[in-house]
Amino acid sequence: MGQEESHSEEMDLQQIQDLCIIFMKECPSGALHLHEFKRIFGVQSSSAEESLYIETIFRSFDTNRDNTLDFLEYIAALHLILRGNIEDRLKWSFKMYDKDGNGKLDRQEVKRIIRILYKIKLQTSEVNMTPSEICDRIFELVDQNKDGQITLSEFMEGAQKDEWVMNLLKLDVNATGWVIQNSGKFP
């Protein structure tokens with residue numbers, strides 16, 4: 001009983017096992033394609049922002065770049081989203097921001113994710129800034145050497161120094177709650 005209460009926002013092992021069974025039923029070939037990933041997580045094509053966000057998530061977990069998630073990539077994704085520590089989640093977030101994969105974030109990459117987050121989450125929050133202003137503030141707080149690019153170490157340090165930055169950089173749109181809510185919709 002105590003364990004259940006303390007992990008009310010975390011998925012328990014049984015729920016994760018259930019998601020693995022769903023993967024095997026939905027993807028007997030062992031490959032999960034983007035459209036199946038969207039269906040499993042209840043993303044409707046009517047929401048361009050949610051669709052773009054889930055595509056970015058999908059691509060970040062497709063480590064071998066074959067446009068599918070195999071079982072191991074799927075399990076790694078579930079583990080990171082549902083049980084990963086803050087350092088691992090920040091590294092994953094950096095990867096999501098780093099669209100060109102060069103190991104540095106420029107303003108366009110940061111602004112791209114902020115725009116998506118703004119439409120999904122920030123518009124309804126108490127943030128009274130535009131996506132461009134948010135991006136400028138992130139660079140002001142995180143880009144230590146002021147070279148116009150954010151490295152992984154700057155990203156990690158900046159996120160851990162400032163709670164506002166942490167909340168934006170860790171890309172937390174309540175993924176655990178979203179997975180738990182949508183896991184009941186699976187066949």
Side-chain angles (χ1 to χ4, degrees), residues 9 32-63 65 67 69 73 77-78 80-82 84 86-182:
E9 281 301 311
L32 179 67
H33 296 272
L34 178 60
H35 69 279
E36 295 163 324
F37 189 75
K38 286 181 178 181
R39 186 182 76 236
I40 284 175
F41 288 106
V43 175
Q44 299 166 2
S45 58
S46 60
S47 172
E49 291 79 25
E50 276 189 18
S51 187
L52 184 57
Y53 186 69
I54 201 74
E55 286 173 30
T56 304
I57 290 172
F58 180 87
R59 304 246 180 271
S60 76
F61 290 123
D62 181 16
T63 55
R65 304 285 179 241
N67 293 319
L69 295 185
E73 289 169 328
L78 284 180
L80 178 67
I81 289 173
L82 304 174
I86 193 66
E87 188 174 308
D88 291 338
R89 291 180 71 149
L90 282 170
K91 286 178 183 174
W92 170 67
S93 295
F94 184 87
K95 185 176 173 182
M96 292 249 315
Y97 276 100
D98 188 13
K99 184 170 171 70
D100 63 10
N102 71 350
K104 296 178 183 173
L105 305 181
D106 62 34
R107 288 183 183 274
Q108 289 308 108
E109 289 171 319
V110 173
K111 205 177 293 186
R112 175 180 157 270
I113 295 291
I114 296 299
R115 280 191 192 117
I116 295 168
L117 288 177
Y118 191 82
K119 298 229 172 155
I120 293 174
K121 173 184 175 181
L122 299 175
Q123 229 170 5
T124 58
S125 73
E126 297 172 13
V127 175
N128 296 322
M129 300 167 77
T130 67
S132 290
E133 292 168 335
I134 292 169
C135 181
D136 290 344
R137 178 145 185 238
I138 288 172
F139 269 83
E140 184 180 305
L141 295 170
V142 177
D143 183 14
Q144 294 170 355
N145 63 2
K146 307 296 181 211
D147 67 350
Q149 296 184 322
I150 298 172
T151 64
L152 177 59
S153 64
E154 288 174 324
F155 187 89
M156 301 287 284
E157 287 175 34
Q160 294 182 36
K161 282 184 195 169
D162 187 290
E163 187 177 344
W164 181 84
V165 173
M166 171 70 86
N167 288 333
L168 283 167
L169 296 185
K170 72 179 180 179
L171 296 178
D172 184 10
V173 290
N174 189 16
T176 301
W178 178 59
V179 170
I180 291 170
Q181 177 184 357
N182 287 295

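Since we're looking at a predicted model, the values are computed, not measured. Worth knowing before you read on, the calculation uses all heavy atoms, side chains too, and leaves out hydrogens, waters and symmetry mates.
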Under the salt bridge (charged side-chain N to carboxylate O under 4.0 Å, His left out) test, which residues partner Lys91, sequence neighbours left out? Glu87

If I take atom CZ from residue Arg59 and atom CZ from residue Phe37, how far apart are they, to the nearest 0.5 angstrom? 10.5 Å

In this structure, are over 12 heavy atoms from other groups packed under 6.0 Å from Lys99 atom NZ? no

Those residues that, when tested against Glu73, pass side chain to side chain donor-acceptor pair (under 3.5 Å) (two or more places apart): Thr63

For the CE atom of Met129 and the SG atom of Cys135, what is their distance to the nearest 0.5 Å? 10.0 Å

Sequence neighbours excluded, which residues qualify as salt bridge (charged side-chain N to carboxylate O under 4.0 Å, His left out) partners of Glu133? none

Working to the nearest 0.5 Å, report the span between CG of Leu105 and CD1 of Ile113. 9.5 Å

Which label fits Phe155 and Phe94: parallel for a plane angle under 30°, tilted from 30 to 60°, or perpendicular past 60°? perpendicular

Run the side-chain contact (heavy atoms from CB on, under 4.5 Å) test on Asp98 and Leu152 for me, step by step, so that the C-alpha distance in whole Å, both residues' side-chain angles and the decisive distance to 0.1 Å come before the verdict. CA-CA 10 Å; Asp98 188 13; Leu152 177 59; over 6 Å; no

Quick one: pull up CZ in Phe58 and CG in Leu69 and give me the separation to the nearest 0.5 Å. 4.0 Å

Quick one, Val142 with Lys161, criterion side-chain contact (heavy atoms from CB on, under 4.5 Å). Give me CA distance, side-chain angles, the key distance, then yes/no. CA-CA 9 Å; Val142 177; Lys161 282 184 195 169; over 6 Å; no

For Leu34 versus Ile54, what's the shortest heavy-atom pair and its separation? CD1-O, 4.5 Å

Take Ser153 and Thr151, measure what side chain to side chain donor-acceptor pair (under 3.5 Å) needs, and give me the verdict at the end. CA-CA 5 Å; Ser153 64; Thr151 64; 3.3 Å; yes

Does any pair with a residue in residues 134-155 pass salt bridge (charged side-chain N to carboxylate O under 4.0 Å, His left out), and if so which ones, sequence neighbours excluded? Arg107-Asp136

Glu55: what forms a side chain to side chain donor-acceptor pair (under 3.5 Å) with it, not counting sequence neighbours? Lys38, Ser51

Go through the structure and list residues passing ring-ring contact (aromatic ring centres under 6.0 Å, His included) with Phe139, not counting sequence neighbours. none

With sequence neighbours left out, write down each residue that passes side chain to side chain contact (heavy atoms under 4.5 Å, CB included) with Gln108, or none if nothing qualifies. Asp106, Lys111

Step by step, would you call Met96 with Trp92 a side-chain contact (heavy atoms from CB on, under 4.5 Å)? CA-CA 6 Å; Met96 292 249 315; Trp92 170 67; 3.5 Å; yes

Derivation and outcome, side-chain contact (heavy atoms from CB on, under 4.5 Å), residues Gln144 and Ile150: CA-CA 8 Å; Gln144 294 170 355; Ile150 298 172; over 6 Å; no

